[in-house]
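In what follows, a single structure is set out as structure tokens and then discussed.
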Amino acid sequence: MNTLTFIFYFFMLTAAASATGILLSRNVFKAALMLLVCLLSIAALYVLSFAEFVAITQILVYAGGVLVVIIFGIMLTSKLSGKPLQVGHTNIFAAVLSGILLFALLANFITDDVFAVPQHAVETQGALQTIGTNFMTAYSLPFEIAGILLLAALIGAAAITSFMKSKKV
Amino acid sequence: MMPSLQHLLYLAAFLFCTGLAVVMVKRNTIMMLLGIELMLNASNLNLVAFNRLYPASLDGQMFALFVIIVAVCEAAVGLAIVLRVYQHYQTSVPDEISELKG
Amino acid sequence: MAQQWNNQLNDIAGSLSWFIPELILALFLLLLIALALFKTNRTVLLTCCMAGFILSGVGVMATGLSTQATLFGGMTRVDGLASYLKILIDLAGFITCLMSFEKPSTHRAEYFALLMAVVLGGHLLVASTHFLMIFLSLELISLSSYVLAGYSFTKAGSEGSLKYFLFGSVASAVMLYGFSFLYGITGTLDFSSQVFFDQLIAKDVPMVLFAALMVLAGFLYKIAAAPMHPWAPDVYEASPIPVMAFLSVAPKLAGLGVLLKFVLAMNLFGQSSADWQAIVCAVLLLTITIGNFSALRQQNPKRLMAYSSIAQSGFLLVGVAAFLPQGVHFMLFYASVYLIMNFAVFVYLDFFEKKSITSIAGFSGAGKNLTWPSIGLLVGLIALTGLPPTAGFTAKLFIFSALWQSYELSGRALLLWVVVIGLLNTVVSLFYYLRIPYFAFLKSGEPAEKQNNITFQNLLGFILVLLLLTLFFIPGILMGWINKINFVL
């Protein structure tokens, strides 16, 4: 077993373990931190899958942005209520059972030969350059739409929160 | 030698199922949001992994980048909505929010 | 390399001329936000918003219904089906603006900007031939609708938008997971391409069907069809009536367009090992039955209309289930009539809500005091049931005749059952649709004071009702137009 393989399986295990931790944890804040661990391990897996740019975006935007927003949300809601961050569970049995069944089904499908390993070495020289040109050429339309999507999300979030301020609940 | 692509797919499937279970089990909206993020990440992992099967184009990686953008928007709008619900109900437990029935 | 870039950039520049309606919408979206900076009054914003919808609709019509072009290197495609649905979505936005005319609300500019964003998303969604475009435009519609659904800014409103958000995010995550597998199997994101087709024929694994069903779940959520419908009644009940009318038409038609394209692509011209006709039939039967039977025990007109809109999704899917070009034509006719009758009913419900009639029993005696609005509402509800002399009857007749034709061609007993159960459900729907008119005309309530009924709203409702009657007597004016669409995948 060489080092690369070891690192790969290490991060796979970390990701799986932290995801399980989110499911088991009853504390929202701890769950958010475990999501952070999970996101970072996934970023490492991206690097090992020749997707450096996606990995960097994952760390900057996902781990750095989304998670901070979520932690803000946790703090704001817990501050308002003054209650501890404990979370109750409902229909555990049904959820876990359906989760296991779904996983068994998916795993069964994935075993198919169609998803076998590519034997040839993957050559991704200049992937960053390709991504850059893609954004400006083949993916220019989605790029623009993503801009409008961000704008719409901004307007929406602002519309919701500005109303709260004016109402002074 | 690089580890098997299928192992990544198994991990993605595991994350997806865990995310779904989190959404079903947790009685807190922010926790449910974490579950949704897990599900989105499962899809992203799939996309990046599959891109290794088709190295000629970077379609999978491009899609993954856009998914990250969308996840940001979703988190922002979602938390704004959660905060507003909070203002009205003083709780983020969906079961305690029950003005609408039928 | 440089040559390739040059070609791609030329392709983008060439695509832009086909893309004028969407550019107009995006421009007006920015304009509305800019106007909001200057404390503009509502009328200006409203006019601006309506102008945007009209211009974009005119832009779509100018490109014509019979043209076809693949744009932006296979991201979207202009064709008759997409153009027609785009016009309907623009129209839905326009009528919603008219309905919002008298609604005082604090954040007008954002409201109109979000309406614009949903319409833009609808435009992009019906034209998409690329999984990424579907995902992005679906999210554009969803994120804007989450906010719009809570626009009453009440306790219930915030709850409605939270439920919509949670359900929607899970549905889109499931859909995305399905996309990722379809990409893994075929190696392309463009589902109208030859590669996609060839790869699916070559690699016929069970995962294809499972992934396709996951994607379908995302679309069914958007059109509020079973089994992805439970969000609809709560969300619709909590949102203001113009928003509710809009959400029950625009995203539904957009979702229907993309669902049709996707199902036809997955069907692989009948070469798929999965029986897509049976899948669509199962979904639509479930949707119609659940919608109708849940509507029977509703006391609130808004919830009743929510279940009605679920059932109507099922009837729209009949056009998909026929798997004939005729079915698509008749589905478009049904969609147009659905738009008119749905808005007609909502305009009148809005009118009655202003008179503080919010439960079905509250309509008692309304037929005497508010005769003309009650009659308008009656015509709208009769159209939704599918009875003559309204266009609702014509639309149901057409869409089931397409299915009947498909039955005669293929001889599948399943299709016969769909026709029979669909018609039985129409009878069931009679019981709940006509409950409001029953209370209004046959029960006596306390007489309210006579009021001036000639309001802007009633005029709008009257025009819509008139259209419903006209299309019954001369459906040819619309069908002639629809028949120009030569639909190919």
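All values below come from the heavy atoms of this structure, side chains included, with hydrogens, waters and symmetry mates left out. Here the structure is a predicted model, which means the values were calculated and not measured. Throughout, protein chains are lettered first and strands after them, A, B, ... in sequence-line order, and every chain is numbered starting at 1.
In this structure, chain B has a heavy atom under 4.5 Å from the backbone of C/Thr186, while its side chain stays farther away. For chain C, the nearby part of B/Leu33 is the side chain; its heavy atoms alone come within less than 4.5 Å. For B/Ala13, the parts sitting under 4.5 Å from any heavy atom of chain C are the backbone and the side chain alike. The part of B/Leu20 that comes within reach of chain C is its side chain, from C-beta onward, which places non-hydrogen atoms under 4.5 angstrom from that chain.
For the pair C/Leu143/B/Glu74, a side-chain contact is recorded, criterion being any heavy-atom separation below 4.5 Å from C-beta on. Contact check for B/Phe66 versus C/Phe135: no side-chain heavy atoms found under the 4.5 Å cut-off.
Note that CG of C/Leu132 and CG of B/Leu47 are 9.5 Å apart. Values are rounded to the nearest 0.5 Å.
Taking each heavy atom of B/Arg84 and C/Ser161 in turn, the nearest pair found is NH2-OG, 3.5 Å. For the pair C/Leu162 and B/Val82, the tightest heavy-atom approach, listed with the atom from each and the gap, is CD1-CG2, 4.0 Å. Closest non-hydrogen pair, B/Tyr54 versus C/Ile185, comes out as OH-O, 3.3 Å.
Contact count against chain C (heavy-atom pairs under 4.5 Å) is highest for B/Gly60 among B/Ala76, B/Gly60, B/Gly19. Ranked by heavy-atom pairs under 4.5 Å with chain C, the first of B/Leu40, B/Asn44, B/Leu9, B/Asp59 is B/Asp59.
Contacts from residues 169-183 of chain C to chain B, taken as heavy-atom pairs separated by less than 4.5 Å, involve C/Ser169, C/Val170, C/Ser172, C/Ala173, C/Val174, C/Leu176, C/Tyr177, C/Phe179, C/Ser180, C/Phe181, C/Tyr183 in sequence order.
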